[in-house]
> 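Below is a structure I'd like to ask you about.
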Amino acid sequence: MTVCIGIIGPGGMGRAHIARIENELAGGKVVAVFDVDAANAARVVEPLGAAVFASSKELIESPDVDAILVTSYGPVHEPDVIASIEAGKPVLCEKPLAPTADACIRIMEAEQRAGRKLVTVGFMRRFDGSYNQMKQVLDARELGEAILVHNRHRNPTVPESYTADMAINDTAIHEIDTMRWLLGEEIAQVRVDKPKKTSHRFPHLQDPLVVVMRSESGVLIDDEVFVNIQYAYDIQCELVLESGTVSLSDQNLITRRDTDGARNRIAMDHNDRFHLAFNAELQQWINAVAQGEHTGSSSWDGYAAAVVCDAGVPGAGERRELVDRRVDD
Ligand code: ISE
């Protein structure tokens, strides 16, 4: 079976997904596109021979569409994800599932009414080879228990439309989800510290931020979120265990040594650094849709990350307790 996919909001992420579905993955085909920017939709469908729809609702309800890929801007995800659930169609929604925990609850309620899991959230780092190797070392208890995790999430630059909240609910959300998945625990405490600002920031942005979290068992997690660091898209993670450490390497590529010194390439954007992870995530989703199964992060994962974001967004400098807000899966 070829899974006929409709894409809502094909910006940079959506276009990268279309390219991988068309050129690198198997079993899926993009048949329908909706974008608020009609000119962009027309440009995107042209080489695909896909249909442009006048509204996301019509795309979701079209009998020609088996499954939906939501790659629009986070604050507008909720109605399209709920409409997909109500149409009984699997939906892969890019992160954040929705920008607040309350919106994620409404999505989970719609899924419960539908009586089956239809929502997958695009937390692609769970499919990255190096994070998976790190998790294997932890899960096998080769070096004892996890004690600390140091993360760095650096973007070369962000556009002026990037808001202060996005540092938490669009950027740090990756580490929030990855830490829950890696440690197999919920985040119980979060605090956001504000260091000295870079001179490369836009005036409305506090850049960088340091998000400090504590897991249920007490693992202390720090996350430097620096979105205008100029030099690269630099994702680092060091897991400190009782008798050793495990760190991500840059890109599983080479280190070059010559008269200019020793160096290796660092990615410039998320599609470059996580290309294989995105491919694996999307291929697994296409396969699962074809089998009538659910795969990947659930709406619960989208909700759990949003709870931490909700506490972190206004919380610069103060500690927020999350334990009381936890709900069992
Ligand atoms: C963007 O949406 C991403 O998902 C990137 O991975 C992240 O580095 C960036 O900060 C976000 O805005």
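Below, each value reflects all heavy atoms present in this structure, side chains not excepted, and no hydrogens, waters or symmetry copies. Model, not experiment: these values are computed from the prediction. Both ligands and their constituent atoms are indexed starting at 1 by order of listing.
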> With atoms numbered from 1 as shown, which atoms in ligand 1 lie under 4.0 angstrom from a non-hydrogen atom of His174?
3 (C), 4 (O), 5 (C), 6 (O)

> Find all atoms of ligand 1 within a distance of less than 4.0 Å from any non-hydrogen atom belonging to Tyr233, and give their numbers and elements.
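Here the atoms of ligand 1 in question are 5 (C), 6 (O), 8 (O).
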
> Starting from atom 7 (C) of ligand 1, find the nearest protein heavy-atom neighbour and note its residue, name and distance.
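For this ligand atom, the closest protein heavy atom is His153 NE2, 3.3 Å.
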
> Side chain, backbone, both or neither: which applies to Asn155 and ligand 1 if a contact is any heavy-atom pair less than 4.0 Å apart?
side chain

> What atoms of ligand 1 come within less than 4.0 Å of a heavy atom belonging to Asp170?
1 (C), 2 (O), 11 (C), 12 (O)

> For a quick check under 3.5 Å, do Asn228 and Thr198 share a side-chain donor-acceptor pair by atom type?
no

> In the protein, which heavy atom is nearest to atom 5 (C) of ligand 1, and how far is it?
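Nearest neighbour among protein heavy atoms for atom 5 (C) of ligand 1, to 0.1 Å: His270 ND1, 3.7 Å.
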
> Just do the side-chain hydrogen bond (donor to acceptor under 3.5 Å, both in side chains) check on Glu111 and His294 with the steps written out, would you?
CA-CA 12 Å; Glu111 218 180 12; His294 178 271; 5.2 Å; no

> Heavy-atom contacts under 4.0 Å between Met166 and ligand 1: side chain, backbone, both, or neither?
neither

> Apply side-chain contact (heavy atoms from CB on, under 4.5 Å) to Val211 and His153, showing your working.
CA-CA 11 Å; Val211 183; His153 189 151; over 6 Å; no

> Please check if any side-chain donor atom of Gln136 sits under 3.5 Å from a side-chain acceptor atom of Asn132, or the reverse.
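Checked: Gln136/Asn132 side chains show no N/O donor-acceptor pair below 3.5 Å.
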
> May I ask you to identify, for Lys95, whether its side chain, its backbone, both or neither come under 4.0 Å of ligand 1 on a heavy-atom basis?
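Under 4.0 Å from ligand 1, Lys95 contributes side-chain atoms alone.
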
> Which residue is it: Arg125, Arg152, Lys95? I am looking for the one with a salt bridge (charged side-chain N to carboxylate O under 4.0 Å, His left out) to Glu175.
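Considering Arg125, Arg152, Lys95, a salt bridge (charged side-chain N to carboxylate O under 4.0 Å, His left out) with Glu175 is found only for Arg125.
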
> Per the side chain to side chain contact (heavy atoms under 4.5 Å, CB included) rule, which among Met179, Glu216, Arg214, Arg180 passes with Glu185?
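Answer to the side chain to side chain contact (heavy atoms under 4.5 Å, CB included) test with Glu185 among Met179, Glu216, Arg214, Arg180: Glu216.
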
